[in-house]
**Student:** 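Below is a structure I'd like to ask you about.
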Amino acid sequence: MRLGCIADDFTGATDLANELASRGLRTSLLFGIPADLDLAKIDAVVIALKSRSIAPDAAAEQSLAALRWLKQAGCERFYFKYCSTFDSTDAGNIGPVLEVMAADLGVEAVIACPAFPATGRTVYQGHLFVGDRLLNESTMRDHPLNPMLDADLVRVLQRQTRGTVGLLPREILAAGAAAEAMAKHRGAGMIAVIADAICDEDLALLGQYCAGVPLASGASGLASGIARALAPPDACRASAPLPEAGASRCAILAGSCSAATRRQAELAAERYPSLRLSLRAGETPEEVVARAKDWIDKQALDRPLLIYSTATPDMVEAQRRAWPDGASAAFEAILAEMAAYLFEDGGGALIVAGGETSGAVVSRLGLGRIDIGPEIDPGVPWTIAARDEGPPLLLTLKSGNFGSDDFFLKAWEHLDD
Ligand SMILES: Nc1ncnc2c1ncn2[C@@H]1O[C@H](COP(=O)(O)OP(=O)(O)O)[C@@H](O)[C@H]1O
Ligand SMILES: O=C(O)[C@@H](O)C(=O)COP(=O)(O)O
């Protein structure tokens with residue numbers, strides 16, 4: 001049974017592929033829809049889209065194209081991966097994408113569960129917690145693109161869908177009555193059902209149910225539960241060894257303004273040469289790129305460089321006042337140019353922090369697929385991107401809110417092991 005997955009951003013896609021690989025599924029991670037691919041030895045395919053924060057129609061259209069490609073590639077079970085903090089707005093894009101995928105597969109009552117206990121995301125009575133806080137009381141309320149102001153996921157998803165959204169409470173799951181309850185939801189014509197899960201055992205139970213139906217959705221925690229049901233019980237992690245990074249460049253490019261990345265960047269700035277980016281009033285992104293290139297040219301390349309636009313909510317607000325015309329998109333483009341300047345000709349090791357930022361960087365570098373390597377922290381592996389010419393690029397796409405405070409330091413230590 002081959003699993004076909006669509007992820008709505010690039011860090012989410014590596015997180016998902018990392019979980020599937022750690023359950024023993026031989027997983028291929030593709031950026032966009034490939035022209036062709038040999039899937040002979042592949043158990044799971046993840047297509048990464050940059051569809052989280054685009055217009056809902058475009059997200060639905062791209063996801064449908066990916067779903068059709070996965071079907072034709074022999075996948076029989078499908079998974080839609082979104083953020084464990086349910087990043088979306090009242091317009092979408094979780095609801096519109098779910099509806100279009102469900103319609104294409106002819107299914108109702110799709111499970112939606114963003115729980116990922118390894119990173120503190122749990123769902124209880126349909127409410128999403130980040131650590132010990134409700135979602136709307138967590139730092140996600142200040143996200144620059146998708147501020148999350150409501151923790152009641154039934155309500156949140158209902159605002160994004162035409163069909164009705166229901167709830168599968170933990171009590172029913174724990175009593176082994178999920179299949180029966182879901183049959184009733186399907187009979188009632190529900191489009192999606194938010195499922196509770198507060199631990200990996202809940203996700204294993206939910207995964208057993210989801211492995212038997214065509215479509216499920218959530219973060220990488222539920223995908224791991226599904227992989228657990230699909231993989232042989234004695235399977236071990238299916239990931240690639242890291243090749244030598246070589247003597248070439250190392251850099252951290254951070255565009256995430258999430259709390260974890262702010263702490264990580266602060267610590268790394270004490271250790272490595274660092275450049276904080278900002279857009280002054282009246283300045284063009286090209287001028288910022290030129291300044292940053294000058295700075296890079298003056299650095300020795302024997303230590304990682306940190307280049308970041310990471311900022312506190314107050315700084316983001318001030319930045320938007322100084323540069324009201326799309327500062328977020330501009331920083332994505334600037335960091336993508338930095339990646340191209342440093343890594344276009346292959347080789348080296350690059351960490352990118354932030355989902356949208358990763359999408360911009362990977363697209364600028366023209367990477368088509370990567371292999372999953374060893375895990376650094378929950379949800380964040382090193383990956384290996386083969387290039388047409390020269391040595392591969394070692395790449396980490398770090399979700400904004402993932403990783404310990406010393407993540408950036410720890411990631412390089414992995415390469416020295
Ligand atoms: N100083 C800043 N001011 C305004 N927007 C910023 C700033 N720095 C980064 N951004 C933008 O914030 C967004 C962060 O999103 P993303 O990269 O997905 O991070 P995360 O993984 O934390 O969600 C990006 O669009 C990025 O360009
Ligand atoms: O599920 C998660 O939290 C991550 O896999 C993810 O999607 C993170 O997105 P960003 O925070 O935008 O990097």
Side-chain angles (χ1 to χ4, degrees), residues 5-20 46 48-54 79-88 94 113-121 128 130 135 138-140 142-148 217-224 253-265 276-280 285 288 307-336 338 352-362 377-381 396-403:
C5 309
I6 300 171
D8 70 351
D9 85 343
F10 286 33
T11 46
T14 54
D15 167 19
L16 171 62
N18 177 58
E19 287 301 316
L20 299 176
V46 177
L49 299 178
K50 192 174 185 297
S51 57
R52 185 174 292 175
S53 304
I54 62 176
Y79 194 75
F80 171 37
K81 158 75 176 69
Y82 37 80
C83 194
S84 61
T85 43
F86 218 69
D87 297 20
S88 53
I94 296 175
C113 180
F116 189 14
T119 57
R121 277 68 156 160
L128 179 55
V130 179
L135 176 66
S138 76
T139 52
M140 282 307 295
D142 296 318
H143 192 279
L145 301 176
N146 313 292
M148 298 306 291
S217 76
S220 56
L222 175 56
S224 176
L253 300 176
S256 165
C257 296
S258 296
T261 303
R262 293 205 305 267
R263 292 193 296 270
Q264 291 155 355
R276 185 194 280 278
L277 301 173
S278 66
L279 276 157
R280 299 174 195 145
V288 178
I307 304 176
Y308 62 127
S309 64
T310 305
T312 61
D314 287 350
M315 290 160 76
V316 169
E317 203 38 56
Q319 176 64 75
R320 284 194 169 142
R321 276 198 303 275
W323 217 88
D325 201 12
S328 292
F331 281 122
E332 290 178 30
I334 293 166
L335 286 167
M338 295 297 91
V352 189
E356 298 297 327
T357 309
S358 294
V361 165
V362 166
D377 259 342
V380 205
T396 286
L397 304 180
K398 190 196 77 72
S399 295
N401 261 324
F402 283 2

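Both counts, for ligands and for their atoms, begin at 1 and track the order of listing.
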**Student:** Among all protein heavy atoms, pick the one closest to atom 13 (O) of ligand 2 and tell me residue, atom and distance.
**Tutor:**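 For atom 13 (O) of ligand 2, the nearest protein heavy atom comes out as Thr11 OG1, 2.7 Å.
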**Student:** Classify the contact between Phe116 and ligand 2 as side chain, backbone, both or neither, using a heavy-atom distance cut-off of under 4.0 Å.
**Tutor:**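 Neither part.
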**Student:** At their closest point, which heavy atom of Phe402 faces which heavy atom of Pro378, and how far apart are they?
**Tutor:**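 So the minimum-distance heavy-atom pair works out to CD2-O, 3.8 Å.
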**Student:** Between Ser399 and Asp15, is there a side-chain donor-acceptor contact under 3.5 Å, judged purely by atom types and distance?
**Tutor:**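 No donor-acceptor contact under 3.5 Å links the two side chains.
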**Student:** Mark the output for Lys81 as yes if a heavy-atom distance to ligand 2 is under 4.0 Å, and as no if none is.
**Tutor:**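 A heavy atom of Lys81 does come that close to ligand 2.
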**Student:** Please lay out, stage by stage, how Val46 and Tyr79 fare under the test side chain to side chain contact (heavy atoms under 4.5 Å, CB included).
**Tutor:** CA-CA 9 Å; Val46 177; Tyr79 194 75; over 6 Å; no
**Student:** Is there a side-chain contact between Ser256 and Lys398 (heavy atoms, below 4.5 Å)?
**Tutor:**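 The answer is no; the side chains never approach within 4.5 Å.
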**Student:** Do you know which two heavy atoms are closest between Ala223 and Leu20, and how far apart they sit?
**Tutor:**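 Reported closest heavy-atom pair: O-CD2, 3.7 Å.
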**Student:** Does the N or O separation between Arg121 and ligand 2 drop below 3.5 Å for any pair?
**Tutor:**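 Among all N and O atoms of Arg121, none is under 3.5 Å from an N or O of ligand 2.
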**Student:** Are Asp9 and Thr11 linked by a side-chain donor-acceptor pair shorter than 3.5 Å?
**Tutor:**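 Yes, side-chain donor-acceptor contact under 3.5 Å.
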**Student:** Side chain, backbone, both or neither: which part of Asp8 comes within less than 4.0 Å of ligand 2 when only heavy atoms are counted?
**Tutor:**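 Contact part for Asp8 vs ligand 2: neither.
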**Student:** What heavy-atom pair brings Pro114 and Arg121 nearest, and what distance separates the two atoms?
**Tutor:**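 In this case the closest contact between Pro114 and Arg121 is O-CB, 4.1 Å.
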**Student:** Test your reading of the structure: does Gly355 have an N or O sitting under 3.5 Å from an N or O of ligand 2?
**Tutor:**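 For ligand 2, there is an N or O atom that lies under 3.5 Å from one belonging to Gly355.
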**Student:** Please answer whether the main-chain N or O of Gly400 pairs with a side-chain N or O of Thr261 as donor and acceptor at a distance below 3.5 Å.
**Tutor:**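 Yes, Thr261 side chain to Gly400 backbone: donor-acceptor pair under 3.5 Å.
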**Student:** Please name the pair of heavy atoms, one in Asn146 and one in Asp87, separated by the smallest distance, quoted to 0.1 Å.
**Tutor:**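 It is ND2-CB, 3.7 Å.
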**Student:** I'd like to check which ligand 2 atoms, numbered from 1 as shown, lie under 4.0 Å from a non-hydrogen atom of Gly400.
**Tutor:**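 Listed by number with element: 10 (P), 11 (O), 13 (O).
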**Student:** Quick check on contacts: which atoms of ligand 2 are under 4.0 angstrom from a heavy atom of Ser84?
**Tutor:**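 Atoms satisfying the 4.0 Å criterion: 1 (O), 2 (C), 3 (O).
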**Student:** Determine the minimum heavy-atom distance between Ala219 and Ala115, stating which atoms define it.
**Tutor:**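 Heavy-atom minimum between the residues: CB-O, 4.2 Å.
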**Student:** Under a strict 4.0 Å criterion on non-hydrogen atoms, which protein residues are in contact with ligand 1?
**Tutor:**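 Under the 4.0 Å cut-off, ligand 1 touches His143, Pro144, Leu145, Gly255, Ser256, Cys257, Ser258, Ser309, Ala311, Val316, Gln319, Ser328, Phe331, Glu332, Gly354, Gly355, Glu356, Thr357, Gly400.
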**Student:** Does Ser358 form a side chain to side chain contact (heavy atoms under 4.5 Å, CB included) with Lys50? I'd like the steps, not just the answer.
**Tutor:** CA-CA 9 Å; Ser358 294; Lys50 192 174 185 297; over 6 Å; no
**Student:** Would you mind listing which atoms of ligand 2 come within a distance below 4.0 Å of any non-hydrogen atom of Asp9?
**Tutor:**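 Checking each atom against Asp9, I get 7 (O), 9 (O), 10 (P), 12 (O), 13 (O).
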**Student:** What protein heavy atom sits nearest atom 8 (C) of ligand 2, and how far away is it?
**Tutor:**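 Checked against all protein heavy atoms, atom 8 (C) of ligand 2 sits closest to Ser399 OG, 3.2 Å.
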**Student:** In a check of side chain to side chain contact (heavy atoms under 4.5 Å, CB included) between Asn401 and each of Ser138, Ser84, Ser258, Cys83, which one passes?
**Tutor:**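 Considering Ser138, Ser84, Ser258, Cys83, a side chain to side chain contact (heavy atoms under 4.5 Å, CB included) with Asn401 is found only for Ser258.
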**Student:** Going by distance only, is there an N or O of His143 that falls short of 3.5 Å from an N or O of ligand 2?
**Tutor:**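 It does not: no N or O of His143 is found under 3.5 Å from an N or O of ligand 2.
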**Student:** Please check whether Arg52 reaches ligand 2 - meaning an N/O of the residue sits under 3.5 Å from an N/O of the ligand, judged on distance alone.
**Tutor:**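 There is such a contact, yes.
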**Student:** Output the list of atoms in ligand 2 that are nearer than 4.0 Å to some heavy atom of Asp15, sorted by atom number.
**Tutor:**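 Counting from 1, the qualifying ligand atoms are 1 (O), 2 (C), 4 (C), 5 (O).
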